[in-house]
Amino acid sequence: MLHMGHMLNNTIQDVLIRKARMEGKEACWVPGTDHASIATEAKVVAMLKERGIEKKDISREEFLKYAHEWKDKYGGIILDQLQKLGASCDWDRTRFTMEPSLYEAVIDTFVRLYNKGQIYRGVRMVNWDPLGKTALSDEEVIEKEIMAKLYYIQYAVSNQRSAVGESIAESQKPKADSHLTIATTRPETIMADSAICVNPNDERYQHLIGKTVLIPLLNREIPVIADEYVTMDFGTGCLKVTPAHDLNDYELGIKHKLPVIDILDDNGFLNEKAVLYVGQDRFAARRNIVKDLEESGHLVKMEEYKSIVKTSERTGAVIEPKLSLQWFLKMDEISKPALENVMNDNIKLYPSKFKNTYRSWMENVHDWCISRQLWWGQQIPAFYLQDGTVIVAKTKREALRKAQHDLLLFALTEEDLTQDPDVLDTWFSSWLWPISVFDGIQNPENEDISYYYPTNDLVTGPDILFFWVARMIIAGYEWRGELPFKNVYLTGIVRDKQGRKMSKSLGNSPDPLELIEKFGADGVRSGLLFSAPAGNDLLYDDKLIEQGRNFCNKIWNAYRFSQQLTVSSEQSSASNALAIQWFNSRINQTISEIQDHFSKFRISDALLSLYNLVWDDFCSKYLEIIKPAYEQPIDKATYDATIEIFEKLMCLLHPYMPFITEEIWQSLGTRKEGESICRTEFPKGGAVNAELLASFDAMFELVSKIREIRNAKQLSPKLALPLSIKTDNRNRYENIESIITKLANTETINYVSDKVDNALSFVVKSDEFFIILEGEIDVEAELETAQKDLDYLLGFKKSTEAKLANERFVANAKPELVEKERQKLADAEAKIKALEEMILRLKK
RNA sequence: GGUUUAAUAGCUCAGUUGGUUCAGAGCACCUGCCUUACAAGCAGGGGGUCCAAGGUUCGAAUCCUUGUUAGACCA
């Protein structure tokens with residue numbers, strides 16, 4: 001099941017791919033799924049349980065059969081949802097990480113890296129899920145903040161190094177300054193303690209360094225050591241060191257050569273090494289030891305403490321850091337090119353702020369634990385002889401041959417070889433994705449990979465920047481000596497209203513299919529994009545999608561309008577011709593805007609530009625201007641131009657809203673069989689008539705002023721108002737009189753050379769306008785608003801003049817900027833003059 | 001604790017190289033409209049100390065320093 005984060009992610013990919021396709025590029029988008037080993041295995045185990053089957057009772061082969069069944073049933077759902085969203089993938093190329101060819105690629109990779117000495121097997125500290133009984137990657141671990149208890153436990157100091165066999169009863173008696181207190185959230189692990197550690201600069205404990213203390217209840221002696229790792233002001237400043245059950249302690253243990261005492265078994269129960277509470281669950285043991293410590297007087301106090309526990313994403317169990325034998329990939333050498341080529345921008349991250357995160361990760365990279373104690377996944381191609389010798393080979397047969405040749409064990413048969421039961425981390429197949437989908441691992445010279453690799457854009461969430469993106473880059477350089485993609489677009493994380501990440505496990509994501517049902521796929525796509533700039537999280541709300549749906553609705557209504565027009569043979573009016581010119585200029589202006597946005601991966605900004613163009617300029621302005629009178633036909637030239645504009649708008653919007661644009665585009669003209677808007681050419685920009693745009697802006701300002709007066713005076717929109725214009729430049733308005741009349745519902749337009757009595761007046765640019773109204777004019781109120789305007793302009797003039805008088809501004813600022821300032825000043829001065837005249841007249 | 005990102009309208013957020021009359025959008029709110037494609041709409045309107053204090057600059061929401069607050073990553 002997909003959630004909103006996937007919806008956003010795939011919408012962005014689809015926008016990019018559709019636009020690229022329309023620009024004539026060989027746009028290839030390979031859809032596919034990974035096998036999500038731990039998640040799927042958990043689901044399959046649950047499914048089997050429902051059928052009364054336990055995993056341990058069936059063979060690996062039987063289990064895998066069930067898993068494949070499960071995948072066949074549910075794996076397609078994701079692809080189906082993507083199709084509903086309108087994702088225009090190359091569906092014939094659909095790949096799956098567990099299909100034979102990709103499986104083989106993973107095995108190949110493992111063997112080759114092993115032979116290069118990059119993969120090794122060793123005992124390390126891993127995240128252990130005691131319920132799932134497997135190691136987990138950090139990615140599969142969820143941190144939860146909880147209120148825990150911090151227990152203060154007293155350890156007695158033994159005064160001297162006790163000789164073997166000496167009675168400990170003696171030294172156990174607490175003396176005044178002969179004990180120390182540690183703070184821990186995990187008292188049940190004291191039986192695994194190897195030392196107590198204090199900060200060497202901590203004056204309180206100087207005298208204890210080098211001595212030994214006794215673990216309470218158990219009475220085992222452990223040394224007191226010093227290391228700057230210990231924070232002096234946390235707890236008591238004394239840290240119990242438990243190398244087997246804490247990563248930091250483990251590293252501290254290695255540094256100070258401390259023994260590792262692992263007291264937990266794979267299920268999270270205490271084993272014999274614990275001596276006490278053997279056979280108890282770790283949490284039961286905690287309760288019991290707290291009770292016993294309290295009774296024996298070792299528990300000094302308990303404190304509430306906000307702490308973080310790591311839990312398994314799948315099973316919910318509290319993770320146990322555990323030492324275990326696992327397979328690892330050495331990361332230090334192999335990851336170098338991946339760091340370098342992101343830092344030098346050969347691979348660009350959008351937004352670039354993630355470069356910092358990326359760098360700090362890659363500079364502190366740990367070896368990658370790639371083995372999982374599961375069945376669903378690529379089984380590790382390592383084979384063991386009875387004496388434990390490891391042979392890594394693609395198949396058992398090859399391993400046998402290797403044993404016979406290299407180890408001269410000619411009597412060996414396949415029965416003597418046991419394959420490692422573990423599988424590989426899912427990311428160990430995902431990291432090959434850009435190569436393996438084109439079969440580039442086994443067949444590095446094939447036509448597809450040579451053509452498509454390296455790819456262009458990767459779109460993904462920042463939460464898997466390291467787990468997936470970085471590793472794909474590593475794999476790219478390792479196998480092809482080249483980057484896997486040029487741009488990485490990192491989407492924001494979609495969160496719910498409470499700011500929680502939307503996820504499968506929380507179940508806080510709305511069902512995408514229901515949303516698509518309710519708001520339409522185009523509505524969901526555009527709605528999500530309206531507020532999703534790269535890299536910024538977005539708080540999901542149905543309101544966002546509503547905006548997208550409303551936009552679709554608006555477009556559809558404009559389409560309906562265009563369909564009910566009847567065409568006449570009469571000549572086009574001058575004003576319509578002008579409006580067409582104006583709007584084409586606006587389109588061209590917007591095209592260059594969105595191309596600029598796209599070049600910087602500002603997908604949302606590009607959509608917003610189009611939204612404004614379509615809603616405000618096309619629907620509210622252009623269509624209103626060319627709209628014929630009631631039940632009147634429209635002239636053919638205007639009609640044709642309007643349809644052409646409409647088609648162009650559909651093409652511009654198509655990457656964002658594939659469904660509605662296709663539907664409208666199909667019906668706006670006669671199309672050939674199989675023709676589709678997604679194969680049309682993305683509109684190219686053209687000349688922008690800046691003067692025309694400016695004069696239309698002035699006209700719209702005038703229209704707004706008249707409407708404002710109408711609203712303020714509570715006049716009906718149906719009441720036509722008489723307008724008088726006092727201007728030196730009459731032809732500025734004569735061409736557009738009919739537009740003004742239509743938009744502002746003016747009755748007559750007169751040109752005057754003097755004041756008009758008993759009229760409301762206002763100034764636009766340098767011209768004065770009058771509207772004669774019934775009844776008295778409130779001169780005081782008029783004066784007040786005019787004065788306010790004037791004050792503002794005078795202030796503006798003053799600061800602009802100051803700016804221009806400043807030699808350093810004129811010298812340092814760009815010349816076109818200075819020119820603009822001069823122009824602004826001139827405009828302001830003209831308007832000031834008109835306003836001053838108006839105020840003078842009002843005062844008379 | 002280390003690293004890092006952020007703080008702009010009631011809410012969610014844009015604001016690109018410091019320079020447009022730059023302080024914006026959507027939602028919410030207020031007023032008036034069932035106007036001929038659209039009430040999921042139309043026409044208007046109110047609303048801001050751009051977190052705080054310093055600094056750099058001819059010029060700062062934008063750059064620098066410090067502080068406050070919140071988040072993320074790592075440990």
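Residue numbering restarts at 1 for every chain, and letters A, B, ... go by the order of the sequence lines.
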From the set [options], return the single nucleotide nearest to any side-chain atom of [X].
| X | options | result |
| --- | --- | --- |
| A:Glu821 | B:U20, B:A37, B:A72 | B:U20 |
| A:Asn356 | B:G45, B:A37, B:U4 | B:U4 |
| A:Pro717 | B:G45, B:A72, B:U35 | B:U35 |
| A:His597 | B:U16, B:G32, B:A40 | B:U16 |
| A:Arg549 | B:G41, B:U35, B:A40 | B:A40 |
| A:Leu623 | B:A37, B:U31, B:U16 | B:A37 |
| A:Tyr630 | B:U31, B:A37, B:U36 | B:U36 |
| A:Leu539 | B:U20, B:C13, B:U16 | B:C13 |
| A:Gln564 | B:A37, B:A40, B:U16 | B:A37 |

Taking atom [atom2] of [N] as reference, at what distance in whole Å does atom [atom1] of [X] sit?
| X | N | atom1 | atom2 | value |
| --- | --- | --- | --- | --- |
| A:Ile634 | B:U36 | CD1 | P | 18 Å |
| A:Glu363 | B:U4 | CD | C1' | 14 Å |
| A:Gln714 | B:G45 | CD | P | 14 Å |
| A:Leu465 | B:U4 | CG | C1' | 14 Å |
| A:Lys718 | B:C33 | NZ | P | 11 Å |
| A:Glu593 | B:U20 | CD | C1' | 14 Å |
| A:Phe561 | B:G41 | CZ | P | 18 Å |
| A:Lys713 | B:A43 | NZ | C1' | 17 Å |

Determine the Euclidean distance between corresponding [atom1] atoms of [M] and [N]; express it in Å to zero decimal places.
| N | M | atom1 | answer |
| --- | --- | --- | --- |
| B:U4 | B:G47 | P | 41 Å |
| B:A53 | B:U49 | P | 12 Å |
| B:A9 | B:A52 | P | 11 Å |
| B:G54 | B:U17 | C1' | 26 Å |
| B:U35 | B:G44 | C1' | 15 Å |
| B:C51 | B:A43 | P | 33 Å |
| B:A40 | B:G45 | P | 23 Å |
| B:G67 | B:A72 | P | 22 Å |

Practice task
Could you walk me through whether A:Glu836 and A:Lys833 pass the salt bridge (charged side-chain N to carboxylate O under 4.0 Å, His left out) test, one step at a time?
Solution key: CA-CA 5 Å; A:Glu836 277 170 348; A:Lys833 189 166 156 261; over 6 Å; no
Exercise for the section: Applying ring-ring contact (aromatic ring centres under 6.0 Å, His included) between A:Phe646 and each of A:Trp556, A:Phe618, A:Phe561, report the one that passes. Expected result: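 Exactly one candidate clears the test, A:Phe618.
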Problem - Duplex segments of RNA chain B, taken as runs of at least three Watson-Crick or G-U pairs that stay under 3.5 Å - result: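 Stem list for RNA chain B: B:1-7 with B:68-74, B:10-13 with B:24-27, B:29-33 with B:41-45, B:51-55 with B:63-67.
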Practice task
Would you check, one step at a time, whether the test side-chain hydrogen bond (donor to acceptor under 3.5 Å, both in side chains) holds for A:Asn550 with A:Glu546?
Solution key: CA-CA 6 Å; A:Asn550 293 355; A:Glu546 267 177 40; 5.4 Å; no
Report all interatomic pairs (protein N or O, nucleotide N or O of nucleotides 23-29 of chain B) with separations under 3.5 Å.
from: B:G26; atom 1: O2'; to: A:Gln547; atom 2: OE1; distance (Å): 3.0

Remember a base hit wins even if backbone is also touched, and classify [X] as base, sugar-phosphate or nothing at under 4.0 Å, heavy atoms.
| X | answer |
| --- | --- |
| A:Cys552 | nothing |
| A:Asp605 | sugar-phosphate |
| A:Gln632 | nothing |
| A:Trp556 | nothing |
| A:Ser562 | nothing |
| A:Leu793 | base |

Is [X] near enough to [N] that one of its side-chain N or O atoms lies under 4.0 angstrom from OP1 or OP2?
| X | N | answer |
| --- | --- | --- |
| A:Asn711 | B:G45 | no |
| A:Trp615 | B:C42 | yes |
| A:His366 | B:A75 | yes |
| A:Lys627 | B:A37 | yes |

Practice task
Can you establish whether the number of heavy atoms outside A:Gln564 located under 6.0 Å from its atom CD is more than 12?
Solution key: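 Yes, enclosed.
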Practice task
Would you please classify the geometry between the A:Tyr611 ring and the A:Phe530 ring as parallel, tilted or perpendicular, with 30° and 60° separating the classes?
Solution key: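 Rings of A:Phe530 and A:Tyr611: perpendicular, as their planes differ by over 60°.
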Exercise for the section: Measure the acute angle between the ring planes of A:Trp615 and A:Phe551, then classify it against the limits of 30° and 60° as parallel, tilted or perpendicular. Expected result: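 Ring orientation of A:Trp615 relative to A:Phe551: parallel.
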Problem - A:Thr661/A:Tyr656 under side-chain hydrogen bond (donor to acceptor under 3.5 Å, both in side chains): CA gap, chis, key distance, verdict - result: CA-CA 9 Å; A:Thr661 51; A:Tyr656 292 94; over 6 Å; no
Practice task
Test the A:Lys621-A:Phe700 pair against the cation-pi criterion, namely NZ or CZ under 6.0 angstrom from the six-membered ring centroid and within 45° of the ring axis.
Solution key: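 Yes, A:Lys621 lies over the aromatic ring of A:Phe700.
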Exercise for the section: Show your reasoning for whether side-chain contact (heavy atoms from CB on, under 4.5 Å) applies to A:Ile555 and A:Leu653. Expected result: CA-CA 10 Å; A:Ile555 293 169; A:Leu653 280 171; 3.6 Å; yes
Quick check: does any side chain N or O of [X] sit under 3.5 Å from a backbone N or O of [Y], one acting as donor and the other as acceptor?
| X | Y | value |
| --- | --- | --- |
| A:Arg822 | A:Leu804 | no |
| A:Arg495 | A:Tyr540 | no |
| A:Arg707 | A:Leu743 | yes |

Problem - pair A:Arg471-A:Trp368: side-chain heavy atoms closer than 4.5 Å - result: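 A:Arg471 reaches A:Trp368 side chain to side chain.
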Practice task
With rounding to the nearest 0.5 Å, note down the distance linking CZ in A:Arg124 to CG in A:Asp367.
Solution key: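 A:Arg124 CZ to A:Asp367 CG: 7.0 Å, rounded to 0.5 Å.
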Exercise for the section: Using heavy atoms and a sub-4.0 Å distance, could you list which residues of residues 695-707 of chain A are near RNA chain B? By number, please. Expected result: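 Nucleic-acid contacts, sorted: A:Ser704, A:Arg707.
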Problem - Worked verdict on A:Lys831 versus A:Asp789 for salt bridge (charged side-chain N to carboxylate O under 4.0 Å, His left out) - result: CA-CA 10 Å; A:Lys831 188 162 179 178; A:Asp789 270 9; 5.0 Å; no
Exercise for the section: Please state whether the base of B:A37 and the side chain of A:Glu624 form at least one donor-acceptor pair under 3.5 Å? Expected result: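 Between B:A37 and A:Glu624, which were checked side chain against base, a qualifying N/O pair under 3.5 Å is present.
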